[in-house]
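Written below as structure tokens is the structure these notes are about.
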Amino acid sequence: MKAYLLQPGRDFDFTAGLPAGHQDLIQDLELATLLRAMAAGDKFLYEVSVKVLLASLDDPDAIRYRQQVLADCLAHPEVIRQMYAVAAGALEDKRHLWGGYGGTYQNASSNLSGAVSHLEAYVARLRQLRQIADDHAGTFGSEGLMALFGTLQRELDDAYFEEISEHLRQLRFRAGVLISAELDRDNSGTGLVLRGPDQARRRWTERLGIGPRTAYSFTISPRDDAGGQILADLTSRGINLVANAAAQSADHIGSYFTMLRAELGFYVSCLNLADKLAAKGVPVAVPDPAPSSSLTFSCTDLRDTCLELQSTGRVTGNDVQADGKSLVIITGANSGGKSTFLRSAGVAQLMMQCGLFVTAQAYQADVTRGIFTHFIREEDAGMTSGRLDDELRRMSVIAGQITPGCLMLFNESFAGTNEREGSEIACQIVRALLDAQIKVFYVTHRFGFADRFRRQHATATLFLRAERQPDGSRNYKLTVKDPLPTSFGEDLYYRLGGWLEEDEAPSAIAAVSPDASETR
């Protein structure tokens, strides 16, 4: 049996490694906040969420398949959690069972006993799954869950349980083990065949000693260690094949519960996230995935999901229409919401491509073949060279990994040098990425860089600006406007204190770095 809840027609590969650049992606987009909310303190759910979130689907139909399953899960969360508990319980049962299986034929008896014990526990859990399917199959409409319930009802019917229960009863060999054999030329046993337990039963008249005998027997003395060892060896050889078959069956059913637990675990994580967002009244929408390289991006009230999970107050969303644009440049006032929007776009893209909802009123984007981030880093003791060297090194690594059809997110990149050099480096890198059919979102305070694209590539570029109100305040909204030659660093200076005398302020303002990170 198969679950097929995450992808149509095939299992999700939970053994695959994480994609290139995943560590930067988790750090820059603050995905740990999202993953913790999905896991709700469960280590296993955290690991499953990481795997599925970062293994982006690049087929819109596959994304919609998963979205439909998630819609069913959101409509009937108690059933999904119940099924997850059954799958998790089956694997927990295995841990608490005495004995194992899978050794050599010399241990065939213990292998068989262990395999039968595991099968008996698994069968009890399969009965629970079948009961859930009988009770709730008619309430689900997604292709994935309908197929799962149909499989459970079809393959786990009453005849199956009767047959497997009888087999497990026989494999206990409570009437003894009956093995037939032939004698070889040296009188050694050969051609051992395990017979059914019913064949070992004697008529009641024979057991009372008043009827003709159909078999003859002898008893080995308790002190005959050699004879006992020979008999044990014969028994092991006789039941070895059935022990192996039972072990393989236990492994097969165990692997089914392992996969079912993992795939249901992702949807349980989605339910956890939905509960947290609903408690805050955050709007969510089912995103509309567009074909790759269609240059589609539009959103209404798009919010940074991670900021919503961290913040106790209201988070401002943005409306953006960037269809047909391969480059989006975000400029404007410091602490005006530029980095927040960039993260919101990156997180929403990941959530859409793993089948999740997004925190917006509406969201549509083309699927990408990978997401890469290049965010500003503060200098630290771990750096072996200057900040610009570190930025160029990280960009070189990305260049070796990124492919056409990917999405590249820059946040104040190449700020470790002056305006002219930083703008030139950024221009050359962005042009190379665009030539390679890679979509780019770029937050920058470099006016020279932004203005060059405004003059030379305006038709393919969308310019967004974080607004500054007349009183110096920010509303954290982005609007479609050309870049300005200032990031209003003076506002930041006065917000941080403005402790110098007025005639000293210009030099102090010049010392305030425009790279200050945004908090909103």
Side-chain angles (χ1 to χ4, degrees), residues 6-8 16 18-22 24-25 28-29 52-67 285-300 302 318-330 341-358 360 362-374 395 397-411 413 426-444 450 453-454 456-464 480:
L6 292 179
Q7 291 172 283
L18 295 176
H22 69 274
D24 287 338
L25 200 63
D28 294 337
L29 299 184
V52 181
L53 180 68
L54 298 182
S56 298
L57 297 171
D58 57 10
D59 179 4
D61 290 336
I63 293 173
R64 293 189 183 95
Y65 176 91
R66 201 176 287 179
Q67 288 175 342
V286 177
D288 182 12
S292 177
S293 303
S294 62
L295 295 181
T296 301
F297 183 90
S298 62
C299 61
T300 303
L302 176 63
N318 277 287
D319 304 339
V320 175
Q321 173 56 253
D323 290 348
K325 306 296 183 181
S326 56
L327 173 62
V328 177
I329 295 180
I330 305 105
F341 170 74
L342 187 69
R343 284 193 296 269
S344 71
V347 174
Q349 190 75 30
L350 282 172
M351 294 175 73
M352 178 187 75
Q353 291 193 218
C354 79
L356 255 171
F357 44 77
V358 298
Y363 182 86
Q364 182 182 35
D366 55 327
V367 297
T368 68
R369 293 186 174 89
I371 303 176
F372 293 83
T373 58
H374 190 280
M395 191 64 234
V397 172
I398 292 172
Q401 299 169 338
I402 200 167
T403 59
C406 287
L407 172 64
M408 185 73 221
L409 306 178
F410 290 101
N411 187 20
S413 298
C427 281
Q428 292 190 25
I429 289 176
V430 170
R431 283 174 179 167
L433 292 171
L434 295 177
D435 289 343
Q437 306 301 312
I438 296 168
K439 185 189 287 189
V440 177
F441 280 58
Y442 205 122
V443 168
T444 183
F453 275 93
R454 182 189 64 80
Q456 299 176 0
H457 304 278
T459 56
T461 307
L462 176 69
F463 294 92
L464 300 175
V480 180

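By the 30° and 60° cut-offs, the orientation of the rings of Y363 relative to F297 is perpendicular.
Closest heavy-atom contact between F441 and A345: CE2-CB, 4.3 Å. Pairing each heavy atom of S298 with each of Q321, the nearest pair is CB-NE2, 3.6 Å. Residue A285 comes nearest to A360 through the heavy atom pair CB-O, 3.2 Å, listed as atom of the first residue, atom of the second, then distance. The two residues Q401 and G21 come nearest to each other via the heavy atoms OE1-N, 4.0 Å. Residue A365 comes nearest to M352 through the heavy atom pair O-CE, 3.6 Å, listed as atom of the first residue, atom of the second, then distance. A pairwise comparison of heavy atoms in P287 and V358 identifies CG-CG1, 4.0 Å as the closest pair.
For D59 and R64, the salt-bridge test fails: no basic side-chain N is under 4.0 Å from an acidic carboxylate O.
The CD atom of Q456 sits 10.5 Å away from atom OG1 of T461, with the distance rounded to the nearest 0.5 Å. Atom OG of S294 sits about 7.0 Å away from atom NZ of K439, to the nearest 0.5 Å. Taken to the nearest 0.5 Å, the OG1 atom of T373 stands 11.5 Å off from the NE2 atom of H22. Rounding to the nearest 0.5 Å gives a distance of 6.5 Å between CD of Q349 and CG of D366. Atom CG of residue L433 and atom CZ of residue F372 lie 10.5 Å apart, to the nearest 0.5 angstrom. Between atom CD of residue Q353 and atom CG of residue L54 there is a gap of 11.5 Å, rounded to the nearest 0.5 Å.
Looking at M408 and I398, their side chains come closer than 4.5 Å, going by heavy atoms from C-beta outward. Within the 4.5 Å cutoff, no side-chain heavy atoms of T368 are placed close to those of D58. S326 is not listed as a side-chain neighbour of V440, based on a closest heavy-atom distance of 4.5 Å or more. Taking 4.5 Å as the limit, some side-chain heavy atom of M395 sits within range of a side-chain heavy atom of I429. Contact annotation: the side chain of V52 approaches that of R66 to within less than 4.5 Å [non-hydrogen atoms, C-beta and beyond].
Among L25, L29, D24, D28, the one residue that satisfies the side-chain contact (heavy atoms from CB on, under 4.5 Å) test with L409 is L29. With V320 as reference, L462 is the one residue of T300, L302, L462 to meet the side-chain contact (heavy atoms from CB on, under 4.5 Å) rule.
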Exercise for the section: Go through the steps to decide whether S293 and Q437 satisfy the test side-chain hydrogen bond (donor to acceptor under 3.5 Å, both in side chains), and finish with yes or no. Expected result: CA-CA 8 Å; S293 303; Q437 306 301 312; over 6 Å; no
Practice task
Check the pair L57, Q7 against side chain to side chain contact (heavy atoms under 4.5 Å, CB included), reporting the backbone distance first and the verdict last.
Solution key: CA-CA 9 Å; L57 297 171; Q7 291 172 283; 3.9 Å; yes
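No donor-acceptor pair under 3.5 Å is formed between the side chain of S413 and the backbone N or O of F410. When atom types are taken as modelled, the side chain of K325 and the backbone of F463 share no donor-acceptor pair closer than 3.5 angstrom.
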